[in-house]
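Because the structure is predicted, anything quoted here is derived from the model rather than measured. Protein chains get the first letters and strands the later ones, always in sequence-line order, with residue 1 at the start of each.
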Amino acid sequence: MATKEKEWISIPMTVDVPYRFAAGEYLTKTLTELRDNGRIYAVECPKCKRVQLPPRIVCAECHVKNERWVELALEGTLAGFTIMYLPLTDPTTGKPHEPPFVYGSVRLDGATSVMDHFVDVEPDREKVWVGMRCRVVLRPREERIGDLSDIRFFEPLPGQKKPQPSTH
Amino acid sequence: MKRNVAIIGGGQTYHAARRHDVDQAEMVNEAVRKALLDAQMTMDEIDLVLLGNMEFFEGVHMSDCWLVHGTGAYGKEGLKITTGGTVGATTVCAGAHHVASGLFDRVLCIGFEKQEEGDTGAILSGVAHPLWGRSLAGAAVGYFAMMASSYMAAWGATEEHSAMVAVKARQNARKNPYAHLKLDITIQDALNSRMLAWPIRMLDMCPASNGACAMILADEKTAKSRCRKPVWIRAMETAHNEQFELDWRDVKTKRPIFSKVCAERLYRKLGVVNPVDYFDVFEIYEPATWAELIWYENLGLCAPGEGFRLIEQGKTEIGGPIPVNPSGGVLSTNCIGASAMLRVWEAALQIREEAGEHQVSKPVRRALTTGYGGTNWTVMTALSRTLDD
Amino acid sequence: METKTEYQPFEVDQHLTARGNYWAGKAGSRFFVSIRDKKKLLGSPCKTCNKVFWPPRSICTFCFGELKEMVEIGPLGTVETFTVVAYAEPIHPRPAPFIYAVIRLDGADTGMAHFLDEVEIDQVRIGMRVKPVFATERKGNILDIRYFKPL
């Protein structure tokens with residue numbers, strides 16, 4: 001164990017790592033379409049038919065080239081969620097997301113993949129549930145830059161109620 | 001395997017949130033000396049040194065180079081391994097491969113992390129795709145929270161079930177002198193702990209620990225001539241998930257998820273029909289309570305959707321029929337680079353019947369360990385007391 | 001049929017910022033306390049290998065022996081090698097040009113990298129004898145030596 005009478009020396013350090021990331025052919029199409037036209041494109045594997053988002057050139061499971069582009073609906077179903085109580089920092093901007101907020105995985109209609117994003121709903125478990133129908137809310141065209149922040153959040157479709165658990 | 005491989009010694013530091021009294025090399029050296037002492041071996045006899053840790057979790061790169069005096073690797077063959085939460089298990093796996101291949105006879109494997117020195121959260125965000133989620137990175141807590149909400153919705157488990165896992169881990173840790181969080185807590189304490197990301201509370205998550213573990217692997221000849229209680233590595237398997245897909249957040253997925261794929265392959269290799277009958281103890285990588293419940297199901301310890309029943313019935317307690325993480329697990333100690341190695345080492349201690357107070361009640365001939373990390377992949381290791389087991 | 005659209009390659013500049021705190025441990029803490037409080041430099045001797053190491057350490061790199069003693073080294077030393085940094089980089093601690101030298105302190109068997117100042121660039125020689133210039137306000141880090149200068 002550390003002895004109390006000794007002094008232990010430390011030195012603070014900050015490492016700032018700049019990098020330039022190239023999206024590549026497939027993701028470039030999806031991000032450009034999202035930014036310019038507000039559309040979300042995924043790719044379908046010719047073999048297993050899974051519609052993959054973000055799009056990638058090869059299906060990891062079938063090892064074949066994905067070639068067919070599919071435009072997804074801007075609506076989907078919540079597959080999992082959390083109500084975040086931690087002030088998480090956006091590592092790319094250094095700014096915190098103010099808690100509490102709802103954050104979830106949504107499967108857009110037509111996609112096999114899920115997509116993680118904020119859900120614009122009160123941080124109340126009665127107001128959000130797995131299976132809730134949601135839609136994409138985009139930023140205005142002039143604010144879009146070509147990444148996931150072009151989507152402001154998902155919002156619940158109106159007129160839904162949390163299903164009550166069935167009694168066993 | 002080309003040649004049989006045994007664990008002939010090991011050691012670990014005590015684990016704590018603060019280790020201001022040692023630098024990284026001094027901390028690693030504590031574990032290395034314990035492992036050498038345990039194996040009754042000198043550094044001169046080691047012919048390969050493998051070091052595992054996560055680049056930059058403690059603010060340094062090239063740890064293999066500048067800890068070379070602490071690891072004892074100076075002038076020897078060696079390499080560094082960095083594979084996320086699996087690091088420690090990957091390092092043992094690589095060591096076992098090196099021995100099994102016949103190229104090396106006595107391999108020192110080391111895993112460490114001095115988490116207090118770095119910015120794990122910031123560096124971990126580098127795991128997320130720069131344009132597809134990094135700006136929204138929900139940290140490990142957010143990931144496990146979504147997995148938990150999906151699990152609850154799918155199977156009807158409640159927060160009480162995760163609280164039972166939280167209590168089991170910390171009560172087991174109290175029996176383990178090396179564990180970090182030795183907490184005398186109740187289910188109510190767990191349910192009252194601070195909400196981080198619903199339904200994950202403070203006591204549902206692992207701590208950030210400092211610590212190191214070291215193990216010495218040897219070939220059959222060395223093991224039999226030098227070691228009183230060699231523990232045999234019978235099989236190792238690894239499996240990766242596809243990125244962005246079918247992960248633990250979707251507990252009802254029918255797709256071939258990494259954990260099930262890996263277990264199936266390992267069971268096939270060993271001829272395991274029922275893992276509950278085959279293995280006597282499990283040391284699994286559970287950074288969050290809910291991950292433990294899902295591991296139960298993915299490893300086939302119960303049917304899908306019944307993981308929470310297993311904890312409810314107390315089956316995975318130290319004295320239960322399927323003991324899981326008698327050491328207190330990752331929930332009690334998470335020095336990332338060492339955590340997956342600690343699973344293997346703790347399982348070896350169980351087989352040696354030297355786990356002390358946290359030795360499980362039933363006799364242990366075989367054990368299974370898992371690692372978990374990155375964006376979903378695992379390394380599994382099966383151990384046995386004799387080569388006939 | 002979908003019409004073929006040409007997309008401009010998509011690249012973004014980002015950065016990650018990580019804050020940390022390095023702990024110097026047993027041998028390192030003794031060294032930095034000594035330099036801060038007494039302006040005395042310490043090394044770690046290994047009697048088995050007959051070497052004195054800088055930076056000080058608790059384990060001998062060569063024989064794996066435990067090192068508990070520390071001895072005073074320097075403060076004078078000899079330039080073992082040097083370079084003139086002629087280009088600017090954000091990571092550099094000083095604007096170019098400046099001299100980096102490896103200085104073997106008297107009594108030590110390994111060198112310390114530090115700045116060399118108060119000397120014309122074309123006057124620096126391997127084998128040159130140098131001494132440290134200490135900072136007035138010392139904080140327990142390697143810049144408690146501001147730089148070395150020729151005797």
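- The contact list for residues 139-151 of chain C toward chain A, using heavy atoms and a distance under 4.5 Å, reads Gly140(C), Asn141(C) by residue number.
- Contact tally against chain C (heavy-atom pairs below 4.5 Å) for Val15(A), Thr32(A), Leu31(A), Ile145(A): the top residue is Val15(A).
- A pairwise comparison of heavy atoms in Trp23(C) and Trp8(A) identifies CZ3-O, 3.5 Å as the closest pair.
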request  = Go through the steps for Arg30(C) and Glu7(A) under the test side-chain contact (heavy atoms from CB on, under 4.5 Å), then give the verdict.
outcome  = CA-CA 8 Å; Arg30(C) 269 180 81 180; Glu7(A) 181 184 353; over 6 Å; no
task = Go through Asp13(C) and Arg20(A) one step at a time and tell me if the side-chain contact (heavy atoms from CB on, under 4.5 Å) criterion holds.
result = CA-CA 4 Å; Asp13(C) 291 307; Arg20(A) 170 165 292 177; 2.8 Å; yes
query = Are Gln14(C) and Phe21(A) close enough, and set up right, to give a side-chain contact (heavy atoms from CB on, under 4.5 Å), and what steps lead you there?
reply = CA-CA 8 Å; Gln14(C) 294 182 344; Phe21(A) 184 83; 5.5 Å; no
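- If you tally non-hydrogen atom pairs under 4.5 Å between each of Ile11(A), Thr28(A), Leu27(A), Asp36(A) and chain C, the highest count goes to Ile11(A).
- Scanning both residues, Phe10(C) and Arg35(A), for their nearest heavy atoms gives CE1-NH1, 3.5 Å.
- With a 6.0 Å radius and a threshold of 12 heavy atoms from other residues, nucleotides or ligands, Lys40(C) has its NZ atom at or below the threshold.
- Other residues, nucleotides and ligands place no more than 12 heavy atoms under 6.0 Å from the CD atom of Glu137(C).
- Counting heavy atoms from C-beta on, the side chains of Ile9(A) and Val33(C) come closer than 4.5 Å.
- Annotation: residues 62-81 of chain C contacts chain A through no residue [non-hydrogen atoms, separation under 4.5 Å].
- Defined by atom type and a distance below 3.5 Å, a donor-acceptor pair is missing between the side-chain atoms of Tyr7(C) and Glu25(A).
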query = Checking side-chain contact (heavy atoms from CB on, under 4.5 Å) for the pair Thr17(C)/Thr14(A): CA distance, chi angles, key distance, verdict?
reply = CA-CA 7 Å; Thr17(C) 303; Thr14(A) 299; 3.8 Å; yes
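- Counted within 6.0 Å of CD on Glu120(C), heavy atoms from surrounding residues, nucleotides or ligands total 12 or fewer; the atom is thus considered open.
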